[in-house]
Amino acid sequence: MPSRKKRKRAERPTIHPRNKYSDNPPDFALLASLYPSFEPYVFYSGEGRPRIDWTDYNATRELTRVLLLHDHGINWWIPDGQLCPTVPNRSNYIHWIEDLLSSNIIANSKADQDLQVVRGFDIGTGANCIYPLLGASLLGWTFVGSDVTDVAIEWAEKNVKNNPHISHLIEIRKADSGKEPWYEEESGHNQLAGKESDVHMHEIGPVKANHPDSSPLRFLSDVDKSYHGPPILLGVVKYGEKFDFCMCNPPFFGTMEGAGLNPKTSCGGTPEEMVCPGGEEAFVSRIIEDSVQLKQSFWWFTSMVGKKSSLKVLMSKLRDVGVTVVKTTEFVQGQTCRWGLAWSFMPAARNLISSNVAKKNGFSFMLEGLQRQYSAIHVLQSIESFFCAAGASCKTNVSTFIIDVTASGDHCDAILKNELRTANGSGFTPLPSTDLAFRISVFQQIPGTLLVRGSLQSKESPAAGAFSSTFGRLEEFLKDKFCK
């Protein structure tokens with residue numbers, strides 16, 4: 001009897017490649033040796049592998065605490081019973097949004113506005129405040145984190161205040177049930193998007209409205225009346241506020257009984273964090289409904305989704321309200337898989353791929369292995385001295401660790417020691433004919449590690465090549481001075 005060929009299984013998505021734990025998963029033995037409070041929760045398998053009991057809430061909470069401290073320089077804690085996030089999984093979500101913002105899928109996205117600070121809105125930030133803390137620490141993003149319970153607000157604020165190096169980037173806001181929401185005028189459907197694919201993002205499109213003659217708001221109100229909880233976006237977002245994105249870890253379940261069905265893990269969670277009538281479908285449907293009225297206030301609306309069946313229902317609703325683009329992805333951590341759902345009403349970029357290599361206006365590098373006697377302020381002062389020595393004008397804000405630099409072509413030439421005037425292959429990088437204006441920012445990552453980011457003030461600047469070379473020389477200078 002001929003043997004049957006085994007069907008080749010599709011490759012399971014992996015952790016995001018920029019995730020800190022992509023190549024280096026948490027080392028429990030190392031963490032136990034460094035943090036005595038974590039050591040009691042670590043045991044060894046028969047093969048000698050260090051493990052923790054994932055059904056022990058105290059163990060998972062202590063793991064989250066030491067990972068945030070050890071790998072991100074974040075001081076963090078939550079009281080008993082509050083939802084305890086897993087750091088690698090939450091980092092995946094942050095990096096996916098970073099992909100969206102830099103993707104050029106929609107017109108005038110953050111890929112074209114390097115100077116502007118990214119601003120996010122975290123729906124239901126929780127006592128853990130994990131997304132704002134990670135986004136601010138990893139990428140220097142600013143956040144508004146909202147929640148409805150006093151305990152969540154109190155502890156989110158504590159977690160922000162306990163990290164003064166990023167506290168100025170995060171605002172915690174109470175979602176007030178008694179507040180009247182403001183509304184924007186309905187401006188009709190935007191044009192449809194073309195297809196575009198990416199290894200980490202899957203597009204469902206082009207997206208068409210199934211009911212072109214119906215008001216999106218009226219349609220949504222008719223089909224989904226199951227959510228009657230506190231305000232989510234409308235009534236929490238203030239008049240005139242603009243955000244690059246919103247994100248959400250919604251209550252996945254319709255009942256607390258359903259929330260406790262996984263006997264292999266213990267991540268805690270209050271009813272407000274875990275449950276709403278109708279579960280995640282009802283909650284995210286309300287975000288969709290709110291997004292119709294706030295379509296000009298956000299570049300991207302996003303949410304995590306726990307069930308693939310919910311994803312299909314929600315994508316159908318998005319088609320019905322006339323969004324321009326829908327994107328999905330999978331977040332994988334161990335055996336746990338979640339889905340990411342993103343949508344936008346902004347006009348889709350018509351030319352997703354330029355005939356020429358796109359000019360890059362933003363650059364960054366890491367200063368790792370910083371010697372003990374140096375801190376971010378020393379690096380900031382050295383950056384100022386570096387540019388001032390060449391004659392450039394610098395305006396330094398030591399409270400936000402930002403330097404605004406204005407440099408002429410001669411200043412750049414002095415920094416690069418005539419490098420720009422030297423032919424390179426088939427051409428050369430011209431000196432800027434007008435003053436080059438850019439911003440340098442310094443961010444604390446973890447002890448001994450800093451992120452230095454530079455961005456041109458004008459996205460149309462023809463001198464991106466000169467800026468790239470100048471920024472590269474700054475990197476060489478700082479690494480030679482500060483790193484081991």
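Residue numbers count from 1 along this sequence.
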Self-check item: From Leu34 atom CG to Asp27 atom CG, the distance as rounded to the nearest 0.5 Å
Solution: 9.0 Å

Quiz item: Should Leu134 and Arg90 be marked as a side chain to side chain contact (heavy atoms under 4.5 Å, CB included) after you check the CA-CA gap, both sets of side-chain angles, and the distance that decides it?
Solution: CA-CA 8 Å; Leu134 283 176; Arg90 300 306 199 265; 3.9 Å; yes

Quiz item: For the atom pair CZ (Arg319) and CG (Leu314), what is the distance rounded to the nearest 0.5 Å?
Solution: 11.5 Å

Self-check item: Student check: side-chain heavy atoms of Ile440 and Phe471 closer than 4.5 Å
Solution: yes

Quiz item: Any donor-acceptor pair under 3.5 Å linking the side chain of His72 with the backbone of Ile74?
Solution: no

Self-check item: Pairs touching residues 30-40 that satisfy side chain to side chain donor-acceptor pair (under 3.5 Å), sequence neighbours left out
Solution: Tyr35-His70, Ser37-Glu62, Ser37-Arg65

Quiz item: Taking 4.0 angstrom as the limit, do Arg439 and Asp404 come out as a salt bridge?
Solution: yes

Practice problem: Measure up the His378 and Tyr374 rings against each other and bin them: parallel (under 30°), tilted (30 to 60°), perpendicular (over 60°). | Solution: perpendicular

Quiz item: Can you tell if the side chain of Leu380 reaches within under 4.5 Å of the side chain of Val398, non-hydrogen atoms only?
Solution: yes

Quiz item: Would you say Tyr131's side chain and Phe143's backbone share a donor-acceptor pair under 3.5 angstrom?
Solution: no

Quiz item: Where the side chain of Asp290 meets the backbone of Leu233, is there a donor-acceptor pair that is under 3.5 Å apart?
Solution: yes

Quiz item: If you measure from the Lys or Arg side-chain nitrogens to the Asp or Glu carboxylate oxygens, is any gap between Arg173 and Glu171 under 4.0 Å?
Solution: yes

Exercise. Keeping the roles fixed (side chain from Thr64, backbone from Pro85), state whether a donor-acceptor pair exists under 3.5 Å.
Key: yes

Quiz item: Is there a side-chain contact between Ile383 and Val442, using heavy atoms and a 4.5 Å cut-off?
Solution: yes

Quiz item: Can any side-chain N or O of Thr324 pair as donor or acceptor with the backbone N or O of Met346 at less than 3.5 Å?
Solution: yes

Quiz prompt | Separation of Ile172 CD1 from Glu154 CD (nearest 0.5 Å) | solution = 12.5 Å

Quiz item: Are the side chains of Pro88 and Ile15 in touch, meaning some heavy atoms are under 4.5 Å apart?
Solution: yes

Quiz item: So, for Cys394 and Cys388, which heavy atoms are closest and what is the spacing to 0.1 Å?
Solution: SG-SG, 3.6 Å

Quiz item: Can you find a heavy atom in the side chain of Thr125 that is under 4.5 Å from one in the side chain of Cys129?
Solution: yes

Self-check item: Atom pair CZ (Phe301) and OG (Ser291), whose distance is rounded to the nearest 0.5 Å
Solution: 4.5 Å

Quiz prompt | 4.5 Å side-chain heavy-atom contact, Lys327 and Trp300 | solution = yes

Quiz item: Taking C-beta and beyond as the side chain, do Phe243 and Ser297 meet within less than 4.5 Å on heavy atoms?
Solution: no

Practice problem: Measure from the side-chain N and O atoms of Asn163 to the backbone N and O of Asn159, and report whether any donor-acceptor pair falls under 3.5 Å. | Solution: yes

Practice problem: Please find out if less than 6.0 Å separates the ring center of Phe28 from that of Tyr41. | Solution: no

Quiz item: To the nearest 0.5 Å, how far apart are OG in Ser91 and CD in Glu98?
Solution: 11.5 Å

Practice problem: State whether the side chain of Gln82 and the backbone N or O of Pro79 hold a donor-acceptor pair below 3.5 Å, judged by distance alone. | Solution: no

Quiz item: What's the spacing between Leu436 CG and Thr406 OG1 if we round to 0.5 Å?
Solution: 8.5 Å

Exercise. State which residue, out of Tyr93, Trp141, Trp96, fulfils the ring-ring contact (aromatic ring centres under 6.0 Å, His included) condition with Phe245.
Key: Trp141

